[in-house]
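Scroll down for the structure; my scribbles are underneath it.
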Amino acid sequence: MQIEKVYEPQRFEPHWAQWWIDRKLYVAQHRPGPAFSLVIPPPNVTGSLHMGHMLEHAEIDTTVRRRRMLGDNTLWLPGTDHAGIATQMMVERQLAKEGIDRCRLGREKFEDRVWQWKEQYGDTIKAQMVRMGLSCDWSRERFTLDPGLSRAVREVFVRLYEKGLIYRGEYMVNWCPGCRTALSDLEVAHDETQGNMWHIRYPVHGSSRSLVVATTRPETMLGDTAVAINPADPRYFDLHGLTVDLPLMNREIPLILDEVADPKFGTGVVKITPAHDPNDFEAGRRHHLPHVKVIGENGHMTLEAGPYAGLDRMEARRRVVQDLEDLGLLEKVEPYPLSVGKCDRCKTVVEPLVSIQWFVKTKPLAAKAIEVVENGRIEFIPEMWTKTYFEWMYNIRDWCVSRQLWWGHRIPAWHCKSCGEVMVAREAPEACLRCGGSMLEQDPDVLDTWFSSALWPFSTLGWPDETEDLKLFYPTSLLITGFDILFFWVARMVMMGIEFMGEVPFRQVYIHGLVRDADRLKMSKTRGNTIDPLAMTEKYGTDAVRLSLLMGAAPGTDIVLTEDRMESARAFANKIWNAARLLFMNMERSGVPPWLPADPQPGLPETAGSLAASLEDRWIFSRLNACAEQANRAIDQYRFHEAAQVLWHFFWHEFCDWYLEFKKLRFEENSGLTADWRNLLTVFESALRLLHPVMPFLTEELWQRLKSADANRPESISLAPYPQYRQESADLAAEHEMQILQDAITAARNLRAEMKLDPKQLVEGALYGRGIAVTVGRSHSQAIRKLANIDLEFREEAAPGARGAEARRSTPEFDLILRIPLEQTDAQRKRLEKEKEQLDKVIAASRRQLADETFLSRAPEHVVGSIRQKLVEYEAQAAKVRAGLEGLAG
RNA sequence: GGGCGCGUAGCUCAGUUGGUUAGAGCGCCUGCUUCACACGCAGGAGGUCACAGGUUCGAGUCCUGUCGCGCCCACCA
């Protein structure tokens with residue numbers, strides 16, 4: 001069995017990746033409903049994938065597969081994007097790649113483009129869409145969203161409308177002049193920027209007085225329809241009932257009394273622009289003020305802006321300020337920090353605009369969504385996110401769901417061209433319900449992609465039909481996601497799920513950290529600082545990238561992804577590879593065929609049992625057992641970093657560093673006995689299964705090589721059971737004995753290194769101990785000799801007083817004494833003195849505690865007891881150290 | 001303005017309900033071409049756990065405050 005010296009992931013991963021994709025696509029195609037996520041994205045389509053998704057894939061796969069191993073058929077919701085978003089993401093990514101400004105592209109052109117992609121990428125795009133839970137039907141000669149999903153969307157819309165939870169009206173919305181669409185509040189990102197506060201003087205009509213208003217957006221003054229003062233503000237009592245002259249526009253506008261004007265803020269005078277400011281909109285409503293819309297949908301000034309019509313809003317701002325200054329009406333300008341709302345997607349400054357849109361009334365939905373979290377039906381992990389969730393839910397505002405884009409789900413509403421009636425219906429009505437006219441037109445708007453996303457948990461399972469899938473998979477157990485879509489998606493799935501299914505969509509929400517780069521910046525598609533996972537996997541291997549993500553994935557913290565980490569993960573992969581290499585090479589030499597132990601359902605294999613187990617066998621089985629326990633618990637608690645660390649430590653520092661070293665000695669002796677081989681392969685195979693969720697490709701490859709002789713094995717390691725803890729496999733006696741052996745070897749190495757002894761020189765020494773230490777040492781004297789290069793005598797008696805040139809190390813179990821050259825006694829003395837210092841410190845601390853009456857009376861029994869016991873040990877050790885020092889002195 | 005989180009070894013971070021000499025990886029130092037692995041082996045140095053108080057027999061861990069950093073929410077002209 002030839003096996004290369006260095007593990008080259010590129011040679012094996014593509015093969016296994018394809019295997020996985022085929023399998024998952026098969027699953028996706030042969031059962032309705034959402035597919036499991038794939039291990040890695042199909043090449044060539046994704047380009048640069050969001051690293052968060054990588055993590056999701058890693059986590060989902062870990063958990064999903066494990067569940068499957070345990071025979072739990074619960075469907076775990078993959079954290080991939082829902083159809084609408086997926087489509088949009090894919091489309092946008094492709095557009096960006098081709099350098100096309102998506103906002104400027106018309107619907108016709110868009111469809112052309114999609115057809116072009118079809119020609120170009122065909123099946124890969126299809127695979128990508130299936131991966132994202134989207135169906136892709138080229139045969140219909142149209143690029144459409146899943147018709148089933150569209151049906152669910154229409155159904156939900158109509159039902160919400162019938163319940164009065166959807167309304168259409170003219171309100172202030174966030175308008176993106178770049179995308180030319182309305183946005184929900186969530187899609188507006190606020191940026192702290194340095195702006196200006198302009199103070200403008202408005203003359204009071206027919207009076208010599210004037211009022212000074214302050215604004216951060218002076219161009220909006222063109223649309224002012226009033227100026228407000230607080231009714232209780234004594235400075236302006238005399239002006240009640242008057243009007244002011246709006247500068248530049250020569251309009252006379254009323255001076256109104258309203259609470260929006262805060263007497264404590266600035267001059268206490270506020271300009272009112274009902275068409276361009278949410279506050280003013282409300283004020284305008286209270287006072288029945290007209291709306292003068294001076295900024296249009298394209299971000300340019302409208303005809304209402306008079307001489308400024310047609311100007312870009314920013315240019316208009318400059319002109320207005322200039323003109324006011326020329327007129328001497330600009331009182332002052334001061335720098336002012338303000339937060340500017342920008343479009344989440346295109347970063348254009350959002351303009352508050354009055355327009356007719358569709359809204360979802362969210363308060364009633366939110367009330368139920370709050371309740372289910374309060375009573376524990378839904379649990380957030382880590383728990384701190386519940387607070388964030390509540391914060392948002394309690395302060396929720398109505399949700400503007402209509403978008404003026406040309407992809408997405410059309411709003412199921414029809415307008416009668418004759419009488420203006422608006423009808424919401426599942427299917428296009430034949431005639432107007434009011435006037436009977438037949439000139440009907442569907443509302444041109446589409447829905448916010450998050451609207452359909454909110455329905456994902458049930459719309460993908462065939463709702464509104466009562467399907468088998470729906471019965472089986474709703475509610476699901478777990479949602480894994482990043483906090484950046486907690487509100488966008490998670491919260492809304494909860495609201496819609498309860499509303500339409502009468503039950504929560506999932507029980508647990510595991511929220512993982514965001515992946516950050518070395519500068520701690522969030523990696524995101526829009527920021528463009530994503531590490532290209534394909535490049536990383538190319539360089540270090542998918543398993544290494546995956547492991548480094550998991551190692552950094554402590555709950556509640558972000559993940560800093562650095563190449564350093566990936567490098568060390570790659571080293572670990574190589575370590576596994578080379579451990580296998582050692583096995584395979586020796587198997588060949590010994591003529592042992594590839595062999596696997598009897599299938600150990602459901603978890604760990606039987607221990608060596610009757611098969612003449614050596615100490616290292618008993619020990620490693622016990623450690624393997626402990627490792628399985630810790631790994632299982634860590635995964636159950638979503639502590640993936642801990643699982644990764646436990647596995648790392650077990651494999652590298654127990655299996656390789658000690659167990660294999662011991663076994664190498666056996667091979668040297670006699671090529672290994674049957675029991676040696678059997679135990680060794682059993683442990684190795686179990687370790688591979690333990691490691692598999694963390695390093696799927698490497699372990700799969702090695703497992704395939706191991707199983708080659710056994711046709712009855714499952715086709716993949718992922719179908720083999722995950723090792724479980726079994727109490728009867730714990731062997732504390734073996735662990736204790738092995739510990740003594742390790743201590744002796746480590747102590748000897750330590751002394752050798754400190755005394756700067758020649759590594760090749762065999763050193764003589766003696767081990768003095770009681771009972772077990774001597775027995776264990778004696779029966780493993782060869783191991784000690786090989787691993788520490790010392791030749792020991794074993795004496796079951798107290799260590800003699802010091803006798804000149806010797807180095808000594810003591811543990812509670814034994815004293816180890818090495819003969820050393822005379823010139824090294826100084827070094828030895830120094831070491832002993834340092835040790836004495838440390839011991840004195842802890843002895844003093846222990847004594848102080850034990851002398852403390854309150855401690856003795858209040859601390860629990862076991863704490864006091866263990867300190868007493870420790871103190872005895874410390875003191876014994878200190879005595880030995882003192883003896884050593886005295887000997888050196890003489 | 002409101003909310004959340006973080007400050008632990010040179011760097012990146014762990015540290016589940018307060019309990020015995022605070023851990024890992026990388027980096028650093030010393031020594032090893034030992035026939036699985038230099039993506040390695042053996043050994044080592046390095047921390048008054050941001051600061052100040054408090055609760056407690058006992059605090060990296062709980063409470064209060066201060067300083068520094070990050071994030072989220074918010075119709076503050």
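Exactly one of Leu211(A), Ile200(A), Val212(A) qualifies for a side chain to side chain contact (heavy atoms under 4.5 Å, CB included) with Val269(A). That residue is Leu211(A). Partner of Glu668(A) under the salt bridge (charged side-chain N to carboxylate O under 4.0 Å, His left out) criterion, out of Lys663(A), Lys786(A), Arg589(A): Lys786(A) alone. Among the candidates Glu567(A), Glu563(A), Gln10(A), the single residue satisfying the side chain to side chain donor-acceptor pair (under 3.5 Å) test with Lys539(A) is Glu563(A).
Distance from the side chain of Asn574(A) is smallest for C37(B) among the nucleotides C76(B), G25(B), C37(B). Side-chain atoms of Cys656(A) lie closest to A36(B) of the nucleotides A36(B), G31(B), G43(B). When each of A77(B), U12(B), C39(B) is scored by its nearest atom to the side-chain atoms of Arg565(A), the top-ranked nucleotide is U12(B). Looking at the side chain of Ser339(A), the nearest of the listed nucleotides C75(B), G2(B), A74(B) is A74(B). Among A77(B), A36(B), G25(B), the nucleotide with an atom closest to any side-chain atom of His653(A) is G25(B). Closest approach to the Met384(A) side chain among G43(B), G25(B), G5(B) is made by G5(B) (side chain taken as heavy atoms from C-beta onward). Of the listed nucleotides (G43(B), A36(B), G25(B)), G43(B) has the atom at the smallest distance from the side chain of Thr746(A). In this structure, the nucleotide among C76(B), A36(B), A14(B) sitting nearest to the side chain of His641(A) is A14(B). Taking the side chain of Gln645(A) as heavy atoms from C-beta on, and the options A24(B), G19(B), C76(B), the nearest nucleotide is A24(B). Distances from the side chain of Arg581(A) to the nucleotides C75(B), A36(B), A77(B) place A36(B) closest.
Lys756(A) places its NZ atom 11 Å from the P atom of C32(B), with the value rounded to the nearest Å. At whole-Å resolution of the value, CG in Asp564(A) and P in C39(B) are 15 Å apart. Between the C1' atom of C41(B) and the CG atom of Asp657(A) lies a distance of 8 Å, rounded to the nearest Å. Per the geometry, NZ belonging to Lys575(A) stands 7 Å off P belonging to G40(B), to the nearest Å. Note: CD (Glu383(A)) to C1' (G5(B)) measures 15 Å, nearest angstrom. In this entry the distance linking CD of Glu282(A) with P of C76(B) reads 13 Å, nearest Å. Put simply, CG on Leu186(A) is 10 Å from P on C75(B), counting in whole angstrom units. Across the protein-nucleic acid pair, Lys760(A) atom NZ and C32(B) atom C1' stand 8 Å apart, rounded to whole Å.
Within the 4.0 angstrom heavy-atom criterion, base atoms lie near Lys870(A). No contact: Val213(A) has no heavy atom under 4.0 Å from any strand. Within the 4.0 angstrom heavy-atom criterion, base atoms lie near Gln637(A). Residue Trp652(A) is classed as a sugar-phosphate contact, given heavy-atom separations below 4.0 Å to backbone atoms only. Within 4.0 Å (heavy atoms only), Glu835(A) reaches no atom of the nucleic acid at all. Counting non-hydrogen atoms under 4.0 angstrom, Asp277(A) reaches nothing in the nucleic acid. Here Lys786(A) lies out of heavy-atom contact (under 4.0 Å) with every strand. At a threshold of 4.0 angstrom between heavy atoms, the contacts of Pro860(A) include nucleobase atoms, whether or not backbone atoms are also involved. Using a 4.0 Å heavy-atom cutoff across all strands shown, Lys664(A) reaches at least one base atom of the nucleic acid. Using a 4.0 Å heavy-atom criterion, one finds that Ala571(A) contacts the bases of the nucleic acid, with or without backbone contacts as well. Here Arg749(A) lies in heavy-atom contact (under 4.0 Å) with sugar-phosphate atoms only. Tyr171(A) comes within contact range of no nucleotide atom at all, as no heavy-atom separation falls under 4.0 Å. Nucleic acid contact for His276(A): none, since no nucleic acid atom lies under 4.0 Å from a heavy atom of the residue. Note on Gly268(A): a base of the nucleic acid sits closer than 4.0 angstrom, heavy atoms only.
On the P atoms, G23(B) is 30 Å away from C32(B), given to the nearest whole Å. Rounded to whole Å, the P atom of G7(B) lies 12 Å from the corresponding atom of U12(B). Rounded to whole Å, the C1' atom of G60(B) lies 14 Å from the corresponding atom of C51(B). Taking atom C1' on both C29(B) and U34(B), the two are 23 Å apart, rounded to the nearest angstrom.
At A77(B), one or more side-chain N or O atoms of Tyr336(A) fall inside 4.0 Å of OP1 or OP2 (strictly under the cut-off). Phosphate proximity of G2(B) to Lys387(A): absent, as no side-chain N or O sits under 4.0 Å from OP1 or OP2. Note on Arg217(A): every side-chain N or O is 4.0 Å or more away from OP1 and OP2 of A77(B). Contact check, Lys5(A) against A38(B): a side-chain N or O comes under 4.0 Å of OP1 or OP2. Between Arg848(A) and G58(B), a side-chain N or O to OP1/OP2 separation shorter than 4.0 Å is absent. Contact check, Asn750(A) against G44(B): a side-chain N or O comes under 4.0 Å of OP1 or OP2.
Annotation: salt bridge (Lys or Arg N to Asp or Glu O under 4.0 Å) contacts of Lys332(A) (sequence neighbours excluded): Glu334(A). Legend: residues meeting side chain to side chain contact (heavy atoms under 4.5 Å, CB included) with Tyr336(A), ordered by chain and number and at least two apart, are Met197(A), Thr216(A), Phe265(A), Leu338(A).
When all heavy atoms of Gln194(A) and Pro337(A) are compared, the pair lying nearest together is OE1-N, 3.4 Å.
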Completion exercise
A correct dot-bracket answer for RNA chain B, with pairs being Watson-Crick or G-U at under 3.5 Å, [ ] for crossing pairs and | for inter-strand pairs, is ((((((((.[[[[.)...(...]]]].(((((.......))))).....[[[[[..)....]]]]])))))))....
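Residues Pro759(A) and Pro263(A) each lie close to RNA chain B; by heavy-atom proximity, the contact nearer the 5' end of the strand is made by Pro759(A).
A donor and an acceptor atom never sit less than 3.5 Å apart when one is taken from the side chain of Thr562(A) and the other from the base of U12(B). At a cut-off of 3.5 angstrom, counting only N and O atoms as typed in the model, there is no donor on one side facing an acceptor on the other between the side-chain of Glu661(A) and the base of A42(B).
Within 6.0 Å of atom CD in Glu837(A), 12 or fewer heavy atoms from other residues, nucleotides or ligands are found, so the atom counts as exposed in its surroundings.
A donor-acceptor pair under 3.5 Å is absent between the side-chain atoms of Asn174(A) and the main chain of Val350(A), judged by distance alone. At distances below 3.5 Å, at least one donor-acceptor pair connects side-chain atoms of Glu187(A) with backbone N or O atoms of Ser184(A).
No side-chain heavy atom of His199(A) sits less than 4.5 Å from a side-chain heavy atom of Leu330(A). No side-chain heavy atom of Tyr540(A) sits less than 4.5 Å from a side-chain heavy atom of Arg565(A).
By the 6.0 Å and 45° rule, Arg217(A) does not stack over the aromatic ring of Trp198(A).
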